[in-house]
Amino acid sequence: MNLEQELSRILRGGYKKDEPMSLHTSWRVGGPADYYLYPADREELKEIVRLQRRAGLPLFVLGNGTNLLVRDGGIRGLVVHIGEPFNYIRREGVMLRAGAGTPLTLLAQRAAEEGLRGLGFAAGIPGSLGGALVMNAGAFGGYIGPLVAEVVIISPEGEEVRLAPEDIVFGYRQSNLSGRGIIVEALLKLKEGDAEALKEEVACYQAERRRRHPTQPSAGSVFRNPPGNPAGRLVEAAGGKGLSIGAARVSEKHANFIVNMGGASARDIEALIELVRQRVKEKFGVGLETEVRIVGEER
């Protein structure tokens, strides 16, 4: 049985060949994935991982396509989309159990409606829970890591594994979850609160993000904040606002965002990232690190 026959056997939701990643990333750029897979449940994910091991193929896991730059040559091997089948939320006492494909904004709204406090900061953060856990997503002083009571992954051997808080190390925009498997679910421990007050808090955070962030296609904050100095402030002070290469531009609304003005290539965006880094390094001696993940091949 060849690869495509195996994929057809495994996947009820099917797959696409040479699928443009520009259709699946928030920057709206990216070349083709060799095989773009839509697993319907955990069992299909396990089968995909086992097939990938047998065939010796690269495997890339995709959530909402935020915080990600896919180069114009695309991604070789298998791209696994953790989508709608992994978008669910269940209450368990003062905890919420949610699938890795659940959008963070939806999770924050549901927590507020349930009168559970602790997730308000996540309102308006683009992306889904799985990616948020890998990156320890945060905003307004709050982070996802301290809320974690359990994370469920499919291991590189294709087995379901439950990780306790002591198994996981969270840092600034990072965790040790990267490379350990495919996240399918997490249990988040919250606190009781007043539902109406929490819903108002969520609305305020969402309004603040709309006020501060650009509306054009972007991937969120491009650079990590160096200690004591927000990256956006450094970029602005180095004259970065409004810089452009092709149709990629440093946002004039928030200097830590690079936006696609229409028709930008991944090459444009990556070149602009390097230009901004150079400007900040020359002016302040600070080497900015990217928060966005850059993957794939050059065209």
Side-chain angles (χ1 to χ4, degrees), residues 22-29 63-69 87 89 96 98 101-133 135-144 147 172-173 188 190 193-225 229-237 240-244 247-264 269 272-273 276 290-293:
S22 58
L23 300 177
H24 304 284
T25 60
S26 60
W27 247 325
R28 302 291 182 260
V29 301
N64 276 14
T66 57
N67 207 49
L68 178 70
L69 177 62
N87 178 358
I89 305 169
L96 290 180
T102 306
L104 281 187
T105 292
L106 182 63
L107 194 55
Q109 290 171 339
R110 175 66 178 275
E113 290 166 4
E114 295 282 348
L116 295 174
R117 178 166 53 89
L119 269 170
F121 71 88
I125 294 180
S128 52
L129 178 58
L133 291 165
M135 291 295 295
N136 190 21
F140 305 110
Y143 292 89
I144 197 80
L147 305 177
Y172 174 64
R173 295 293 187 266
L188 304 177
L190 305 171
D194 178 73
E196 292 307 312
L198 291 169
K199 285 190 277 188
E200 186 174 334
E201 177 190 55
V202 164
C204 287
Y205 279 134
Q206 288 178 311
E208 180 64 9
R209 292 185 74 90
R210 285 193 296 270
R211 183 185 71 80
R212 290 166 51 180
H213 296 169
T215 57
Q216 300 97 334
S218 76
S221 295
V222 173
F223 300 106
R224 299 182 181 196
N225 291 323
N229 216 339
R233 191 176 299 164
L234 290 171
V235 174
E236 183 172 357
K241 266 191 176 180
L243 279 179
S244 62
R249 177 181 297 173
V250 178
S251 171
E252 296 181 354
K253 194 170 187 179
H254 193 309
N256 200 16
F257 281 63
I258 289 177
V259 296
N260 183 349
M261 301 300 293
I269 293 169
L272 186 54
I273 288 171
V276 168
T290 53
E291 183 172 318
V292 296
R293 186 178 177 190

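Positions are given from 1 along the sequence.
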Does Glu200 have more than 12 heavy atoms from other residues, nucleotides or ligands lying within 6.0 Å of its CD? no
Please determine whether a side-chain nitrogen of the Lys or Arg among Lys199 and Glu196 lies less than 4.0 Å from a carboxylate oxygen of the Asp or Glu. yes
According to the interplanar angle, ranging from 0 to 90°, do the rings of Phe257 and His213 count as parallel (below 30°), tilted (30 to 60°) or perpendicular (above 60°)? tilted
- Message: Let's go through Arg209 and Ile125 carefully: what are the C-alpha distance in whole Å and the side-chain angles of both, what is the deciding distance for side-chain contact (heavy atoms from CB on, under 4.5 Å) to 0.1 Å, and is it a yes or a no?
- Response: CA-CA 8 Å; Arg209 292 185 74 90; Ile125 294 180; 3.7 Å; yes
request  = Verify, without hydrogens or angle tests, whether Ser218 (side chain) and Val259 (backbone) share a donor-acceptor contact under 3.5 angstrom.
outcome  = no
Query raised in the report: Which is it for Gln206 and Gln109 under the side-chain contact (heavy atoms from CB on, under 4.5 Å) test, yes or no, and what are the steps along the way?
Result: CA-CA 10 Å; Gln206 288 178 311; Gln109 290 171 339; 3.3 Å; yes
Distance col, row Met135:CE vs Ile144:CD1, nearest 0.5 angstrom, shows 13.5 Å
Review point. Does Leu68 reach the side chain of Val292, with side-chain heavy atoms less than 4.5 Å apart?
Key: no
- Query: Less than 4.5 Å apart, any side-chain heavy atom of Asn87 and any of Pro103?
  - Reply: yes
| task | Take Leu107 and Leu188, measure what side-chain contact (heavy atoms from CB on, under 4.5 Å) needs, and give me the verdict at the end. | result | CA-CA 10 Å; Leu107 194 55; Leu188 304 177; 3.7 Å; yes
Pair Glu201-Phe121, side-chain contact (heavy atoms from CB on, under 4.5 Å): steps then yes or no:
CA-CA 9 Å; Glu201 177 190 55; Phe121 71 88; over 6 Å; no
**Asked** Any Lys/Arg nitrogen of Glu113 or Arg110 sitting under 4.0 Å from an Asp/Glu carboxylate oxygen of the other?
**Response** no
| request: For the residue pair Phe223 and Val276, establish whether any side-chain heavy-atom pair is separated by less than 4.5 Å. | output: yes
Taken to the nearest 0.5 Å, the spacing of Glu252 CD from Ser244 OG works out to 9.5 Å
- Counting N and O atoms only, with roles assigned by atom type, does the side chain of Asn67 sit under 3.5 Å from a partner on the main chain of Gly220, one being a donor and the other an acceptor? no
Quiz item: Any donor and acceptor pair, going by atom type alone, linking the side chain of Trp27 with main-chain N or O of Ala264 inside 3.5 Å?
Solution: no
